[in-house]
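Here the structure is laid out as structure tokens; the discussion comes afterwards.
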Amino acid sequence: MPSSVDVRPITITLPDGSTRTFEAGVTGYEVAADIAKGLARAALAVKVNGEVWDLDRPITDDAEVAILTWDDKEGKQTFWHSAAHLMAEALEELYPDVKFGIGPPIDRGFYYDVDLGDRSLSQEDLAAIENKMKELAKRDVPYQRQPVPKDEAVAYFEEKSDEYKLELLEGLEDGEITFYEQGNFVDLCRGPHIQSTGAIKYPKLLNVAGAYWRGDENRPQLTRIYGIAFPKKKKLDQFLERLELARQRDHRKLGKELGLFTFSQKVGPGLPMWLPKGTRLRETLSDFLKEEQLARGYEPVVTPHIGRLELYRTSGHYPYYRDSQFPPMVFSEEDGDEDGYLLRPMNCPHHTQIYANEHHSYRDLPVRIAEFGTVYRFEQSGELGGLTRVRGFTQDDAHIFCTPEQVKAEFKDVIDLTLKVLSALDFKEFTAQISLRDPENTGKYVGEDTLWAQAEQAIREAAEEMNLSATEETGEAAFYGPKLDFMVEDALGREWQLGTIQVDYNLPERFDLTYVDANDERQRPVMIHRAPFGSLERFIGVLIEHCGGDFPTWLAPEQVRVLPVGADFNPYARSVRDTLRNAGFRATVDTGDDTVGYKIREAETQKIPYMLVVGSREKEAGTVAVRQHGEGQQDVRAVEAFIEQLHTRIASELQRENE
RNA sequence: GCCGACGUAGCUCAGUGGUAGAGCAGCUCUCUCGUAAAGAGCAGGUCAGCGGUUCAAAUCCGCUCGUCGGCUCCA
């Protein structure tokens, strides 16, 4: 259908601010080709006035235009979205009765939720689908956008009896519906897509999983197939290499290899046990934080791991969160009354009782009660995984009781502490998120409006004054108060939530906590929950992956291993070890009757930061031959000089002045 | 909890219905060693558990437990 003879010129503004003139109806591809042939080849989609479009969609008016390539997130996502459609076509060829849910691109690839009836997919099936995709891609057919009236769209999917697409259509307005067609496959889709299937040369299907339709566990469970695709083999290879690297760094694998922690089916799922080396690591970490906290006015306390049900009824944790608690221990008293205890899911109720133990004057505040408190939560079985999701874990918990005016200063101090911790562990990439309440729905929150406003402002200012750039998420606050969370990326770019600082107006109210102000009136303190690590278990899990098991020297469970070259030098090696131990280092000696090469290999695979080889030369001179993990042989130096080297190393790791 | 995959020696893994295997680790002996694996021998298993099919089950089927990948939830 010939459009009206429209040759009016339009002005295209490019990202660098330059402008070019084209005839109305020019496509993104033509714009790219006008700039450079290479760009046209690399182009995957085009951004027109902030909206991502197909490259062949006509641009009819003046517009700001950016050509999207593989280097743009949106370019990649367009590519992956198209790959999802290609996979859907392959599925339909292999399984003609398949029905489709949604198939979006994600951060790393794409997935498609499909209903395969009673069929389940094996690895071989995935390979077959992948091969079919490659075969289809070779035809190199275009992705074609087609606006369709709603009734036609409905008729099409009724014909296919695809109830999922029909449900999606229900939510759409007539006039805004588009189909995309490539080869024999037609899908309901907003788009955009790349130009042609031929670019999807290297698809890789990764895994299958169950996923509830529309994320609702009461609705049918579909089969979700995850995949990724690349235009070049090299990019696919790099991706697979990174996956392999991630597997190498998996904290479950390293935890086993380095002898840090273990699980036992007899003890129970999700209940980690710390082996001697893991315990040294863990205690070094918690000692570091304890020392910092003492310097900041925290008061360590110790409280029991269980409490009466009444405590948790008052706090509101029971029975409200019953599903994620270990079942309570209930028994009958002699007089027939029922009483019971709960394995604690949180430390804060106990800490309120420490606060309530004595009267508090405004002069005492803030009161900072700290405990490495072990808590137990009955996480769903399917949720458990390594150290990052467990049923028994220790929080580096503290509760600060203060006046509303003190909230800001306390936040600043906790932010400072958290940043110090992160820097000592070499976490350079992290994000902070402030979670605020939903102003549209204030009814679901406890605490007065003015207090919320004050606290939210205090958190914002505290972050600003500490030069912490934080994102703000409205509606993400807990019902009891706003919060600030730290999200840390591990070396492979996966994000984990670790540290948290939360304001709480609820518990002081429920436990009727008070202090007396300057006018001799009883006031309600604000409670702040905070944990820089979050849980030691999760933190260490992430830390292991972050450093790939190569812990900083100050943290390494075994810092130095002395390796005598032969049995004759065992006594000297032991004396070196003892000297190091007396200097406060974690040192061992390998007196086995193996060759030096073997001992070195052992120590290297155990990722011990320093190996000291000693033989006759060293024994005579009172020296050690230093070898550093991953660095190979260093120099030979006197034992005292080596100790000095260790001190310097550790001081620089902790970014403290050498004392 | 739900969907799917997996579970063989301490670890990593072979083993498709017919006598349970390898390498490493362990133990013993020999070697006494100079910067990433010395040599030989020995020992090690209710093939996760329970039940079923079969003349015969690590192998096929069912249930349970656990692990992994997701979904859902996370005070």
Side-chain angles (χ1 to χ4, degrees), chain A residues 106 111 113 115-116 118-126 206-226 247 250 252-253 256-257 259 262-270 312 315-325 344-349 375 377-386 389 391 478-481 483 497 500 502 504 506-507 529 534-535 563-570 591-606 611-619 625-634 636:
Chain A
I106 51 179
Y111 66 79
D113 284 347
D115 182 344
L116 291 162
D118 294 331
R119 200 181 287 110
S120 62
L121 297 175
S122 65
Q123 282 302 313
E124 292 77 57
D125 294 329
L126 281 190
L206 299 168
N207 49 30
V208 291
Y212 297 107
W213 172 234
R214 310 213 116 173
D216 182 343
E217 61 183 308
N218 298 313
R219 315 225 30 200
Q221 193 161 38
L222 306 180
T223 302
R224 176 170 296 179
I225 307 171
Y226 284 91
R247 271 193 275 274
D250 189 316
R252 291 167 296 206
K253 176 176 148 70
K256 198 180 275 183
E257 288 172 0
T262 190
F263 291 87
S264 157
Q265 213 180 115
K266 289 201 171 76
V267 172
Y312 299 101
S315 72
H317 294 118
Y318 185 89
Y320 190 63
Y321 291 106
R322 193 177 42 204
D323 286 350
S324 52
Q325 292 162 358
R344 71 172 168 198
M346 302 206 82
N347 303 307
C348 32
V375 297
R377 297 181 188 178
F378 197 74
E379 302 289 356
Q380 296 187 49
S381 58
E383 262 310 322
L384 301 174
R389 208 53 183 277
R391 284 180 172 165
F479 75 91
Y480 52 84
K483 61 177 179 171
Q497 201 231 287
T500 182
Q502 310 186 356
D504 186 348
N506 182 44
L507 286 184
H529 310 252
S535 101
L563 312 176
V565 300
D568 290 349
F569 313 106
N570 286 349
T591 53
D593 55 1
D594 301 296
T595 61
V596 181
Y598 185 86
K599 291 178 183 179
I600 285 170
R601 185 184 155 80
E602 275 292 282
E604 288 283 358
T605 53
Q606 287 294 301
M611 290 146 275
L612 304 180
V613 178
V614 297
S616 62
R617 298 195 289 272
E618 289 75 19
K619 185 183 168 190
V626 181
R627 183 190 170 97
Q628 214 173 322
H629 170 58
E631 307 283 331
Q633 199 168 350
Q634 307 289 301
V636 178

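Numbers restart at 1 for each chain; the letters A, B, ... are given by sequence-line order, proteins then strands.
In terms of the ring-ring contact (aromatic ring centres under 6.0 Å, His included) criterion, residue partners of A:Tyr226 (sequence neighbours excluded) are, by chain and number, A:Tyr111. In terms of the side chain to side chain donor-acceptor pair (under 3.5 Å) criterion, A:Thr595 has no residue partners (sequence neighbours excluded). Not counting sequence neighbours, the partners of A:Phe378 by the ring-ring contact (aromatic ring centres under 6.0 Å, His included) test are A:Phe326. For the side chain to side chain donor-acceptor pair (under 3.5 Å) test, no residue two or more places apart in sequence or in another chain qualifies with A:Gln325. Looking at residues two or more places apart in sequence or on another chain, you find no side chain to side chain donor-acceptor pair (under 3.5 Å) involving A:Arg391.
Nucleotides B:G66 and B:A56 have their C1' atoms positioned 29 Å apart, rounded to a whole Å. Spacing of C1' atoms, B:U28 relative to B:C55, comes out at 44 Å, to the nearest Å. With C1' as the reference atom, B:G70 and B:U53 are 34 Å apart, rounded to whole Å. Between B:C61 and B:C73, the two C1' atoms lie 35 Å apart (nearest whole Å). Annotation: B:U64 and B:G26 have their P atoms spaced 41 Å apart (nearest Å). To the nearest whole angstrom, the two C1' atoms, one in B:U8 and one in B:C71, are 31 Å apart. B:G17 sits 14 Å from B:A57 when the P atoms are compared, rounded to a whole Å.
With respect to the salt-bridge test (charged N to carboxylate O, under 4.0 angstrom), the residues A:Arg214 and A:Asp216 do not qualify.
Two residues, A:Gly630 and A:Glu379, neighbour RNA chain B, and the one matched to the more 5' nucleotide by heavy-atom proximity is A:Gly630. Annotation: of the two residues near RNA chain B, A:Leu222 and A:Phe479, the 5′-most nearest-nucleotide partner is A:Leu222.
Under a cut-off of 6.0 angstrom, the local environment of CZ in A:Arg322 is sparse, with at most 12 non-hydrogen atoms contributed by other residues, nucleotides or ligands.
When distances run from any side-chain atom of A:Arg224 to the nucleotides B:G70, B:G1, B:A75, the shortest one goes to B:G70. The nucleotide whose nearest atom lies closest to any side-chain atom of A:Ala211 is, among B:C65, B:C71, B:G69, B:C71.
Atom NE2 of A:His529 is separated from atom P of B:A75 by 11 Å (rounded to the nearest Å). One can place CG of A:Asp323 at 14 Å from P of B:C2, the figure rounded to the nearest angstrom.
Residue-to-nucleotide contacts include no donor-acceptor pair under 3.5 Å from the side chain of A:Arg322 to the base of B:A75. With hydrogens and angles ignored, no donor-acceptor pair closer than 3.5 Å exists between the side chain of A:Ser315 and the base of B:A75. The base of B:C74 sits with one of its N or O atoms less than 3.5 Å from a complementary donor or acceptor on the side chain of A:Arg389. Applying the 3.5 Å distance criterion, the base of B:G34 shares no donor-acceptor pair with the side chain of A:Gln633. The base of B:G4 lies outside donor-acceptor range of the side chain of A:Tyr226, with no N or O pair under 3.5 Å. Remark: the A:Gln221 side chain and the B:C71 base include no donor-acceptor N/O pair separated by less than 3.5 Å.
Note on A:Ser324: every side-chain N or O is 4.0 Å or more away from OP1 and OP2 of B:C73. Put simply, A:Arg252 has a side-chain N or O that comes within less than 4.0 Å of OP1 or OP2 on B:G69.
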> Once each nucleotide of nucleotides 25-33 of chain B is scored for protein heavy atoms under 4.0 Å, what B/S/- sequence comes out, 5' to 3'?
Replying inline: S-----BBB
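Across the strands present, B:A5 finds its partner in B:U67; the criterion is a Watson-Crick or G-U wobble pair with both atom distances under 3.5 angstrom.
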